[in-house]
Amino acid sequence: MRKSNPIFYSFLTTPLGEAIIGWQNELIAAFVLPQPTSEKAFELLQSYHLPQHDSFKLETKLPWPAFFDKINAYFSGEKIGFTEPVIFDQFPDYTRQILNIVKNIPWGEVKTYQEIAQLSSRKKAYRAVGQALHRNPIPLIIPCHRVVAKSSLGGFGYGLEWKLRLLTLEKFHL
DNA sequence: TACACCACGCGAT
DNA sequence: ATCGCGTGGTGTA
């Protein structure tokens, strides 16, 4: 099923490349991690983050005035927490539950997939936790990079280099 | 329904 | 280090 109400989006030029923030009714719906080109970033927004949407509108003014500065501060290593409201109502109950739990993991902390499952209504569904995070359309704001496997890094949709880079920014060392 | 797919965890090689 | 299996939510048909 496809949704017709438009997603507004804006490019964020960061030292690491072109990122995109996407929103709807002032709720964050997507975040594309910095890419080499804005075309590449938009392609990811459409095909990877929000494949169920078919309408996107470029909008230069963000609903949250401080957001751009916070993103750049985060990427320069500052301890930044993102509290902007998010939306991910396209997912089933359990996936939404997992995303809500992970949204609240603070900067600099990590948890395992198993720990997240134990915080949820399905104590042994740690595999489903990984599956839910794999579909996270709002990485960084919903900090799925802070969820790791018990004895390894686990996975990351953007590639493990990105997960390692984000964790390193937050002072983790391998 | 049924079936395959997984960003897991664990115990046995 | 690698393998096999249990596991449970989700997507697809």
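Residue numbers begin at 1 in each chain, while the letters A, B, ... track the order of the sequences. All of these numbers come straight from a predicted model, not from anything done at the bench.
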| query | How is A:Arg122 classified with respect to the nucleic acid when contacts are heavy atoms under 4.0 Å: base, sugar-phosphate, or nothing? | reply |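 Sugar-phosphate: the residue A:Arg122, judged by heavy atoms under 4.0 Å, touches backbone atoms but no base.
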
| How is A:Tyr113 classified with respect to the nucleic acid when contacts are heavy atoms under 4.0 Å: base, sugar-phosphate, or nothing? |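 It contacts base atoms.
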
| field | Paired nucleotide for C:dC3 [Watson-Crick or G-U wobble; both distances under 3.5 Å] | value |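 By the stated definition (distances under 3.5 Å), B:dG11 pairs with C:dC3.
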
Gap between atoms [atom1] and [atom2], on [X] and [N] respectively (whole Å):
X        : N     : atom1 : atom2 : result
A:Asn136 : B:dA7 : CG    : P     : 14 Å
A:Ile116 : C:dT7 : CD1   : P     : 22 Å
A:Lys123 : C:dG6 : NZ    : C1'   : 20 Å
A:Leu160 : B:dA7 : CG    : C1'   : 8 Å
A:Glu161 : B:dA7 : CD    : C1'   : 13 Å
A:Tyr126 : B:dC6 : OH    : P     : 19 Å
A:Leu99  : B:dA7 : CG    : P     : 15 Å
A:Asp93  : C:dG8 : CG    : C1'   : 15 Å

| task | Using only side-chain N and O atoms of A:Thr95, determine if any of them is under 4.0 Å from OP1 or OP2 of C:dT10. | result |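 A:Thr95 to C:dT10 OP1/OP2: side-chain N or O found under 4.0 Å.
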
| Under 4.0 Å: is that the gap between some side-chain N or O of A:Lys124 and OP1 or OP2 of C:dG6? |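 It does not, given that no N or O in the side chain of A:Lys124 lies less than 4.0 Å from OP1 or OP2 of C:dG6.
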
| Closer to the 5' end of DNA chain B via nearest nucleotide, is it A:Gln131 or A:Glu115? |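 Whichever sits nearer the 5' end wins; that is A:Gln131.
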
| said: I want to confirm an ordering. Mapping A:Thr112 and A:Ala128 to their closest nucleotides on DNA chain B, which one lands closer to the 5' end? | reply: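 Its nearest nucleotide being more 5', the pick is A:Ala128.
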
| Looking only at atom types and distance, does a side-chain atom of A:Lys171 sit under 3.5 Å from a main-chain N or O of A:Thr168, one as donor and one as acceptor? |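 No: the side chain of A:Lys171 does not pair with the backbone of A:Thr168.
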
| request: May I ask you to decide if A:Val147's main-chain N or O and A:Lys163's side chain share a donor-acceptor pair within less than 3.5 Å? | output: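 Yes, the answer is positive, given that a donor and an acceptor are paired below the 3.5 Å cut-off.
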
Just compare [options] and give me whichever is closest to any side-chain atom of [X].
X        : options              : value
A:Pro92  : B:dG9, B:dA7, C:dG11 : C:dG11
A:Tyr94  : C:dT10, B:dG9, B:dC6 : C:dT10
A:Arg127 : C:dG8, B:dC10, B:dA7 : C:dG8

| query | Is there a donor-acceptor contact under 3.5 Å linking the side chains of A:Gln24 and A:His53? | reply |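 Side-chain D/A pair, A:Gln24 to A:His53: absent.
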
| message | Ring-plane angle category for A:Tyr158 and A:Phe156, please: parallel below 30°, perpendicular beyond 60°, tilted otherwise. | response |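 Plane angle between 30° and 60°, so tilted.
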
| said: Over 60° means perpendicular and under 30° means parallel, so tell me whether A:Phe82 and A:Phe67 are parallel, tilted or perpendicular. | reply: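 Ring orientation, 0 to 90° scale: tilted.
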
| When only distance counts, do a donor and an acceptor, one from the side chain of A:Arg135 and one from the base of C:dG9, lie under 3.5 Å apart? |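 No pair found.
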
